[in-house]
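Report on one structure; see the data block that follows.
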Amino acid sequence: MSRPRPIRRWRALSKPQRNELYVRWSLYAVAVMQPVATLGLVGGSVGRGEVSEAELAAGAAGSLLAAALNAVLVRGGLDAYLGRRPRPYARVVVAGAVSVAVSAAALLLGPPLEGAGGSLPLTVSLLTMVFWIATTAVALPALETAVAAAAGLLLLALPLLLTGASPGSVAGMSVGCLFGAAIASCTARGSAWNAKVVWELDAAREAQARLAVAEERLRFSRDLHDVLGRNLATIALKSELAVQLAHRGRPEAVDQMTEVQRIAQDSQREVREVVRGYRTVELHTELSGAASVLRAANVDCRTELSGADGLPAAAQSVLGWVVREAATNVLRHSEAANCRFRLRVSGGTALLEVENDGVPAVPPPRAEGAGSGLRGLGERLAAHGGTLSTAGGGPGRFRLTAELPIETVEFEK
């Protein structure tokens, strides 16, 4: 049974994308609350005769317009806060102008502040200004938000003072608006900060995976240099000596070239061991290293070993390579929070299972030529009579299973 399209799209998103989507729509919902609260307040006053139906319609239209502009401001402001676009100063100005106009209209055209129903226009204006300042806090830094809030309240206070409102009423309204805006701004800014931190953690995790791969490449380079550096220098010196001896007709030239041949054969064998991972790969070392790297990437890594100490060195090397490749795949191709390595030895066969969560429902597209690690690992196991299989261990889980006959494992000579 196929899932509905919205569910499939949701499961296809990464954890940072899901978190950002939740934060974004939470802020949109806050913007929508403004006209809902305004209509509730004004609608109740219509029945008591404090506000006419025309004033209700005008208030609803103004509040809806302000809320729509606040939602647009949130959309651009969150992207700016996450560093994806410049700060939307124009949207802040437009949304602020409309919010000030709606608030001023409610205060000037509604019931007098000192009379019956005077709290209604005051509440409507406070809600309008608080929601605008809170959405501005997402788009602008704290200092610029404070400046914008002060400018908006000043523009709102001037017409009130000119029409005869008492300074005390205007001051009280301003203080109440600033107090409510401070709480709402902290909440909105905190939500945006949460989205930014999750993205930064995701970037740090990707950097950790890249560092793990780079460290492995450096280890391989060091091993290759250690194997070939000295031997190639020796081959070059002995070859030069053999040439000089041959020019002189000395029979020792044959002995020197025989030595060069032996060193070249030894180098070929040692390079093969490095490439195959047999030179330094040990099961306990690889398990310890994999667990350390995964835990550094905030993955809860657990190991269950049964009979590992009794495995021959050759079998431990083969399984150690499985551990290395599996840990790399967990870091690079999943958003795992938990990973488990389980080894069981019975009946002359070693069974290693690696299971992790955090697998996306829709795998991301891979670059051309990528994804050969598991195929190469399967070929490595097949060369020793082993098998490699993959399967899902449940929704969002992945299990890698390597089965290796212990008696047939030998180092490649």
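Note that this is a predicted model, so its numbers are computed, not measured. Numbers for residues simply follow the sequence, beginning at 1.
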Report yes if some heavy atom in the side chain of Thr401 is under 4.5 Å from a heavy atom in the side chain of Leu352; otherwise report no.
-> no
Out of curiosity, Leu287 CG to Arg324 CZ, how far, rounded to the nearest 0.5 Å?
-> 12.0 Å
Is the shortest distance from a Lys or Arg side-chain nitrogen in Glu335 or Lys15 to a carboxylate oxygen in the other one below 4.0 Å?
-> no
Side-chain touch Phe398/Glu355, heavy atoms, less than 4.5 angstrom | no
Counting only pairs under 3.5 Å, give me each side-chain donor-acceptor contact of residues 145-158, with atom names and distances, residues two or more places apart or in other chains.
unit_1	atom_1	unit_2	atom_2	d
Thr145	OG1	Leu140	O	3.3
Thr145	OG1	Pro141	O	2.8

For the student: nearest non-hydrogen atoms of Ala95 and Leu73, plus distance = CB-CD2, 4.3 Å
Shortest non-hydrogen contact from Val354 toward Cys339 = CG1-SG, 4.1 Å
Out of curiosity, Ser63 OG to Leu127 CG, how far, rounded to the nearest 0.5 Å?
-> 8.0 Å
Run the salt-bridge test on Glu304 and Arg344 with the 4.0 Å N-O cut-off and return the result as yes or no.
-> no
Neighbour count >12 (heavy atoms, 6.0 Å) for atom CZ, Arg91 = yes
Go through the steps to decide whether Gln261 and Gln265 satisfy the test side chain to side chain contact (heavy atoms under 4.5 Å, CB included), and finish with yes or no.
-> CA-CA 6 Å; Gln261 182 183 23; Gln265 290 174 346; 3.9 Å; yes
Quick check: does any side chain N or O of Thr136 sit under 3.5 Å from a backbone N or O of Trp132, one acting as donor and the other as acceptor?
-> yes
Measure the shortest side-chain to side-chain distance between Asn194 and Asn19 over non-hydrogen atoms and say whether it is less than 4.5 angstrom.
-> yes
For His284 and Leu305, what are the C-alpha separation, side-chain angles and deciding distance, and is it a side chain to side chain contact (heavy atoms under 4.5 Å, CB included)?
-> CA-CA 10 Å; His284 287 285; Leu305 305 181; 4.0 Å; yes
By ring pair (Phe, Tyr, Trp, His ring centres under 6.0 Å), which residues pair with Trp193, not counting sequence neighbours?
-> none
For Ala326 and Leu400, work out which heavy atoms get closest and say how close.
-> CB-CD2, 3.7 Å
Atom pair CD (Glu403) and OG1 (Thr349), whose distance is rounded to the nearest 0.5 Å | 5.5 Å
Keeping to residues at least two apart or across chains, list the salt bridge (charged side-chain N to carboxylate O under 4.0 Å, His left out) pairs with something in residues 120-134.
-> none
Verify side chain to side chain contact (heavy atoms under 4.5 Å, CB included) between Leu343 and Leu311, making sure each step is shown before the conclusion.
-> CA-CA 11 Å; Leu343 175 66; Leu311 289 175; 4.0 Å; yes
Can you establish whether the number of heavy atoms outside Arg85 located under 6.0 Å from its atom CZ is more than 12?
-> yes
All N/O donor-acceptor pairs, side-chain side in residues 174-188, below 3.5 Å, sequence neighbours left out:
unit_1	atom_1	unit_2	atom_2	d
Ser174	OG	Val170	O	2.9
Ser185	OG	Ala181	O	2.6
Thr187	OG1	Ile183	O	3.0

Any donor-acceptor pair under 3.5 Å linking the side chain of Asn70 with the backbone of Ala66?
-> yes
Quick one: does Glu353's side chain get under 4.5 Å of Leu351's, heavy atoms only?
-> yes
Test item: Phe341 and Arg302 side chains (from C-beta on) under 4.5 Å apart, heavy atoms | no
Under 3.5 Å, side chain of Glu325 to main-chain N/O of Val322, donor-acceptor pair present?
-> no
Any side-chain heavy-atom pair from Glu286 and Trp321 closer than 4.5 angstrom?
-> no
Please test Leu319 against Leu404 for side chain to side chain contact (heavy atoms under 4.5 Å, CB included), starting from the C-alpha separation and ending with a verdict.
-> CA-CA 8 Å; Leu319 294 176; Leu404 181 68; 4.1 Å; yes
Taking all atoms of both residues into account, what is the closest heavy-atom pair of Arg189 and Ala137, and its distance?
-> NH1-O, 2.9 Å
Determine which pairs satisfy salt bridge (charged side-chain N to carboxylate O under 4.0 Å, His left out) with at least one residue from residues 20-39, sequence neighbours left out, and list them in order.
-> Glu20-Arg24, Glu20-Arg84, Arg24-Asp79
Smallest separation among heavy atoms of Val23 and Ala192, with atom names = CG1-N, 4.1 Å
Considering residues at least two apart in sequence or located in another chain, which fulfil the side chain to side chain donor-acceptor pair (under 3.5 Å) criterion with Asn338?
-> Asp357
Side-chain contact, heavy-atom cut-off 4.5 Å: Ser334 with Asn329?
-> no
Less than 4.5 Å apart, any side-chain heavy atom of Val197 and any of Leu201?
-> yes
